[in-house]
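Encoded as structure tokens, the structure appears first; notes follow it.
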Amino acid sequence: MTNHQAEILEYFHHFHTYPEVSWKEIETTKKLAEIMEALNVPYKTFDDVTGLIAEIGEGQDVIAVRADIDALWQEVKGTVQANHSCGHDANMAMVLGALLYLKEETLTKRVRFIFQPAEEQGNGSLAMIERGALDEVSHLYGVHLRPIEELPFGKVAPAIHHGSGIFLKGKISGSDAHGARPHQGSNAIDVIAAIHQFIKTIYFSPFESYSVKLTNIQAGGNSLNIIPGNATFALDVRSQSNGLMDELRSRIDNGFESIKMLHDIDLEWEWTDYTPAAEVSEEARAIAEDAIRAVIGDEQTAAPIDTTGADDFHFYTIKKPELKAAMLGIGADLSPGLHHPDMEFNHGALDIGARVLAETIKRT
């Protein structure tokens, strides 16, 4: 087998140098198209969204692999910019590497490569599903670098059990009052305090992880003698399962209705950017585990990973329940952590991930 490590690193360095945020991955999509044309791989792009779908091989069976292509928007060394601190540049490089390795094989099935936009907004997978990414697909694999506290360099896990995540955006509409006459208005900060106390009273079984946090509050202005009647706020809500997420949302909805009545104030909220928890196929996990053992050995084969992070990869199985799917976790000594502006990792993990992915697809 030809060693494609140099090409994989070249792909990574290009995408790392030219990051683009969700739904604006225009040049990234163009570069992916150029790569497909150079490799003589059929592909299609879309007029209304970014992203690309390519396919190699022949046969009735269709196995798919997905790479997310968007970057984050964050401050890096004093400059606010697009930044691949979640490792999607690495994910693209590994999936392209798997394509290179698989092109050397005589395939008796079709292998579909889904280069998906907007994972960071939690809905790019839905756009790909709507555009036929899963048509005829029986098995789907994803891949993602893991932080060093989850997996060291050289080890690979056959599945990542992500949790479920969702945001709540809220608005409190009351009336301002003079600091000396609080009875003439409605204090939005009192409502915020009530919300904060309420979410601290939400309890479920400690055997399943979950959390509810206030992550944004905006109230008041520069005049310190005005009691603000209006405010906006946001919650970050997470759970390790989809069922528990449903219970969390119901508990919060009911609590907010009570707070609204208690304070006699207009309280509005909406749920947004929902990402489901992982629904991992035991069959897909077992195939991936066998592939990992074959490529890097038993000692480097790690157990499936449980993580509180979320990924919109799992919409693919929510929308197509019969789909057999698993996302592989690649150890890379990644630090200080995912989404940290100075995230770094051992680039030697890229070729490992590509070869394991290719072997997983061959064995499916």
Side-chain angles (χ1 to χ4, degrees), residues 1-5 7-8 10-11 28-47 49-69 91-117 124-125 127-143 158 281-295 313 316-317 319-328 350-364:
M1 178 183 290
T2 305
N3 188 316
H4 292 289
Q5 189 167 9
E7 297 104 300
I8 294 168
E10 184 179 343
Y11 293 147
T28 301
T29 301
K30 288 181 180 178
K31 179 63 177 178
L32 289 166
E34 290 175 7
I35 292 170
M36 298 306 158
E37 289 172 3
L39 297 174
N40 197 28
V41 172
Y43 70 91
K44 61 179 178 180
T45 55
F46 309 96
D47 293 334
V49 297
T50 46
L52 177 147
I53 297 176
E55 196 168 283
I56 61 174
E58 295 180 356
Q60 291 186 334
D61 296 332
V62 183
I63 313 302
V65 58
R66 170 268 211 175
D68 31 17
I69 68 174
N91 297 349
M92 283 186 279
M94 287 186 284
V95 170
L96 286 168
L99 189 157
L100 292 176
Y101 285 118
L102 288 167
K103 271 182 64 64
E104 300 177 359
E105 304 286 337
T106 300
L107 298 172
T108 58
K109 58 199 164 200
R110 289 142 60 198
V111 182
R112 185 171 299 161
F113 299 85
I114 304 167
F115 293 92
Q116 176 212 300
S125 57
M128 292 294 101
I129 293 168
E130 291 167 358
R131 287 157 183 79
L134 293 183
D135 292 354
E136 303 178 89
V137 174
S138 62
H139 295 71
L140 172 70
Y141 298 98
V143 62
S281 159
E282 179 60 25
E283 179 184 320
R285 182 212 59 77
I287 294 169
E289 182 173 325
D290 288 343
I292 296 166
R293 294 185 189 281
V295 173
F313 175 83
Y316 291 106
T317 49
K319 295 298 182 181
K320 189 174 182 178
E322 68 273 22
L323 183 70
K324 297 176 176 65
M327 177 180 284
L328 283 68
L350 298 174
D351 186 60
I352 294 173
R355 289 188 289 115
V356 168
L357 264 181
E359 184 66 22
T360 300
I361 291 166
K362 283 169 55 180
R363 288 170 176 259
T364 303

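Nearest heavy atoms, Asp135 versus Arg112: O-NH1, 2.8 Å. Scanning all heavy atoms of the two residues, the minimum distance from Lys109 to Ile361 falls at NZ-O, 2.8 Å. Considering every non-hydrogen atom in both Tyr101 and Glu105, the closest pair reads O-CG, 3.8 Å. Taking both residues in full, the closest heavy atoms of Val143 and Met327 are given as N-CG, 3.7 Å, listed atom of the first, atom of the second, then distance. Minimum heavy-atom separation, Pro117 to Gly51: CD-CA, 4.0 Å.
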Audit row: Leu100, Glu7, side chain to side chain contact (heavy atoms under 4.5 Å, CB included) steps and yes/no: CA-CA 9 Å; Leu100 292 176; Glu7 297 104 300; 3.8 Å; yes

Salt bridge (charged side-chain N to carboxylate O under 4.0 Å, His left out) between Arg355 and Glu359, worked out: CA-CA 6 Å; Arg355 289 188 289 115; Glu359 184 66 22; over 6 Å; no

Stepwise side chain to side chain contact (heavy atoms under 4.5 Å, CB included) check, Thr28 with Met92: CA-CA 10 Å; Thr28 301; Met92 283 186 279; 3.8 Å; yes

Full working for side chain to side chain contact (heavy atoms under 4.5 Å, CB included) between Ile8 and Leu96: CA-CA 7 Å; Ile8 294 168; Leu96 286 168; over 6 Å; no

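In this structure, the side chains of Thr108 and Asp61 stay at 4.5 Å or more apart for every pair of heavy atoms. Between Tyr316 and Ile129 the shortest side-chain heavy-atom distance falls below 4.5 Å. Side-chain contact check for Phe113 versus Val95: some heavy-atom pair is nearer than 4.5 Å. Residues Met128 and Arg66 fail the side-chain proximity criterion, which asks for heavy atoms closer than 4.5 Å. In this structure, Gln116 and Ile69 have side chains that are not in contact, with every pair of non-hydrogen atoms separated by 4.5 Å or more. Using a 4.5 Å heavy-atom threshold, the side chains of Pro158 and Leu328 count as separate.
Between the side chains of Thr364 and Tyr141, at least one donor N or O lies within less than 3.5 Å of an accepting N or O. A donor atom on one side chain and an acceptor atom on the other are found under 3.5 Å apart for Glu104 and His4. In summary, the side chains of Tyr43 and Glu37 do present a donor paired with an acceptor at a separation below 3.5 Å, with no hydrogens or angles considered.
For the side-chain contact (heavy atoms from CB on, under 4.5 Å) with Leu140, the qualifying choice from Ile114, Val62, Ile63 is Ile114, the only one to do so.
When the shell of 6.0 Å around CD of Glu322 is examined, it contains more than 12 heavy atoms from other residues, nucleotides or ligands.
One finds the NZ atom of Lys103 at 6.5 Å from the CD1 atom of Ile56 (value rounded to the nearest 0.5 Å). Atoms CG and CG, on Asn91 and Asp68 in that order, are 5.0 Å from each other to the nearest 0.5 Å. For the atom pair CD of Glu282 and CD1 of Ile287, the computed distance is 10.5 Å after rounding to the nearest 0.5 Å. Note that OG1 of Thr45 and CZ of Arg131 are 11.5 Å apart. Values are rounded to the nearest 0.5 Å. Note that CE of Met36 is 11.0 Å distant from CD1 of Ile53, once rounded to the nearest 0.5 Å. Rounding to the nearest 0.5 Å places NZ of Lys44 at 8.5 Å from CD of Glu55.
Using a cutoff of 4.0 Å between basic side-chain nitrogens and carboxylate oxygens, Lys30 and Glu34 are not scored as salt-bridged. The pair Glu136-Arg110 counts as a salt bridge, with a side-chain nitrogen and a carboxylate oxygen less than 4.0 angstrom apart. One finds a salt bridge joining Arg293 and Glu289 here, because a Lys/Arg side-chain nitrogen approaches an Asp/Glu carboxylate oxygen to under 4.0 Å.
Checked by atom type and distance alone, the side chain of Lys320 pairs as donor or acceptor with a backbone atom of Val137 at under 3.5 Å.
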